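Atom set for the values below is all heavy atoms of this structure, side chains included, hydrogens, waters and symmetry mates excluded. Everything numeric in this text was worked out from a predicted model, so none of it was measured. By convention here, the first residue in the shown sequence is residue 1.
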Amino acid sequence: MERSKAAVLAETYRQLTQSGMSGVSIDDVARNSGVAKTTIYRHWPSRSALLIDACSRMGGAQAVPDKGNLRSDLQALTATVAEQLRTAAWPSVLPSIIDAAQRDPNIAAMHSAMHEGNMAPFYAIVERAKGRGEIPPDSHAADFIAAALGPLFYRRWFSNEAIDDRFVDAVVNSAVEVAIRGSTHGSAATNVKSARPSTVRRSARRKPE
């Protein structure tokens, strides 16, 4: 039984990496894995349940590094993410998971759990850096993580530029600067919100020409 489950999951994952969630067919999974559809549905009551099980096994959270300081810890984490973005299979699947999560609450819950687990090591190194006094206690972990991972994801899924060591080093340095600044200048969202009223007032004071 475990062997048949493993065969089904392997074939499902293969199809996911080739054509995303929308391209997975139970008929094709059964044919290519050699496992009958009745057996597949005995293990997974629906196509969605099979997809969730297969996707939930992708990747996995990293261990929390302890290199002595925030920059070295972040370097270790981002270097691994960068390598995975270059070579692993999950980066080709994730966009379709995000898309499907907009319509399927079960997939949305799975994606949320995956995201939380994958981000946990980043939150952990921020909290430890606060405890060491490396960064202000009001540093926003979410801003730090966005600064560290956003540029990597942008190059992988949008610009298709190289995610090389030089780029990773630059991203790490920039993210650490974000953490060191803390909330002195506020988060990006706060700055945008606070700028809008003054912009409106200035526009309102303009005299018609």
* Strictly by modelled atom types, are Gln62 and Asn118 linked by a side-chain donor-acceptor pair under 3.5 Å? ->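 Judged by distance alone, the side chains do not pair up.
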* **Any donor-acceptor N or O pair under 3.5 Å, side chains Asn173, Arg71** =>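 Result is yes, a qualifying pair exists.
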So which heavy atom on [X] is nearest to which on [Y], and how close?
| X | Y | answer |
| --- | --- | --- |
| Leu152 | Phe167 | CD2-CE2, 3.8 Å |
| Asn32 | Glu11 | ND2-OE2, 3.0 Å |
| Ser96 | Gly20 | OG-CA, 3.5 Å |
| Pro91 | Trp157 | O-NE1, 2.8 Å |
| Thr12 | Ala54 | CG2-CB, 3.7 Å |
| Asp138 | Gly182 | OD1-CA, 4.0 Å |

Measuring only between side-chain heavy atoms, which start at C-beta, is [X] closer than 4.5 Å to [Y]?
| X | Y | result |
| --- | --- | --- |
| Gln102 | Ile107 | no |
| His43 | Leu50 | no |
| Phe153 | Leu85 | yes |
| Val171 | Thr78 | no |

* Asked: Taking the inter-plane angle between the rings of Phe158 and Tyr154 on a 0 to 90° scale, is it parallel (under 30°), tilted (30 to 60°) or perpendicular (over 60°)?
  ->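 If you compare the ring of Phe158 with that of Tyr154, the planes turn out parallel.
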[X] side chain to [Y] main-chain N or O, any donor-acceptor pair under 3.5 Å?
| X | Y | result |
| --- | --- | --- |
| Ser33 | Val8 | no |
| Arg155 | Glu161 | no |
| Ser19 | Gln15 | yes |
| Thr39 | Val35 | no |

Return the [atom1] to [atom2] distance between [X] and [Y], rounded to the nearest 0.5 Å.
| X | Y | atom1 | atom2 | answer |
| --- | --- | --- | --- | --- |
| Cys55 | His111 | SG | NE2 | 10.0 Å |
| Asp27 | Lys37 | CG | NZ | 4.0 Å |
| Glu127 | Lys130 | CD | NZ | 4.5 Å |
| Lys67 | Gln75 | NZ | CD | 10.5 Å |
| Met110 | Asp104 | CE | CG | 8.5 Å |
| Leu51 | Trp44 | CG | CH2 | 11.0 Å |

* Report yes or no: is the cationic atom of Arg57 (NZ for Lys, CZ for Arg) under 6.0 Å from the centre of the six-membered ring of Tyr13, at an angle within 45° of the ring normal? =>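 That pair does not qualify as a cation-pi contact.
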* Asked: Which is it for Ser72 and Asn69 under the side chain to side chain donor-acceptor pair (under 3.5 Å) test, yes or no, and what are the steps along the way?
  -> CA-CA 6 Å; Ser72 297; Asn69 59 73; 3.0 Å; yes
* **Gln18 and Ser92: CA distance, side-chain angles, deciding distance, side chain to side chain contact (heavy atoms under 4.5 Å, CB included) verdict** => CA-CA 8 Å; Gln18 289 190 344; Ser92 64; over 6 Å; no
* side chain to side chain contact (heavy atoms under 4.5 Å, CB included) partner of Val64, chosen from Ile125, Leu77, Asp73 ->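 The passing option is Ile125.
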* side chain to side chain contact (heavy atoms under 4.5 Å, CB included) between Phe144 and Leu70, worked out -> CA-CA 11 Å; Phe144 168 75; Leu70 179 62; 3.9 Å; yes
* Asked: In terms of side-chain geometry, is the basic nitrogen of Asp28 or Arg47 positioned less than 4.0 Å from the acidic oxygen of its partner?
  ->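 Not counted as a salt bridge, because no side-chain N and carboxylate O are separated by less than 4.0 Å.
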* Begin from the C-alpha positions of Asp99 and Met21 and carry the test side chain to side chain contact (heavy atoms under 4.5 Å, CB included) through to its verdict. => CA-CA 9 Å; Asp99 177 63; Met21 296 193 81; over 6 Å; no
* Would you say Glu116 has more than 12 foreign heavy atoms packed within less than 6.0 Å of its CD? ->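 Counting other residues, nucleotides and ligands, CD of Glu116 stays at 12 neighbours or fewer.
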* Asked: Is the number of heavy atoms from other residues, nucleotides or ligands within 6.0 Å of CG (Asp165) greater than 12?
  ->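 No, not enclosed.
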* To do: Just do the side chain to side chain contact (heavy atoms under 4.5 Å, CB included) check on Arg181 and Ile135 with the steps written out, would you?
  => CA-CA 8 Å; Arg181 286 200 302 270; Ile135 59 177; over 6 Å; no
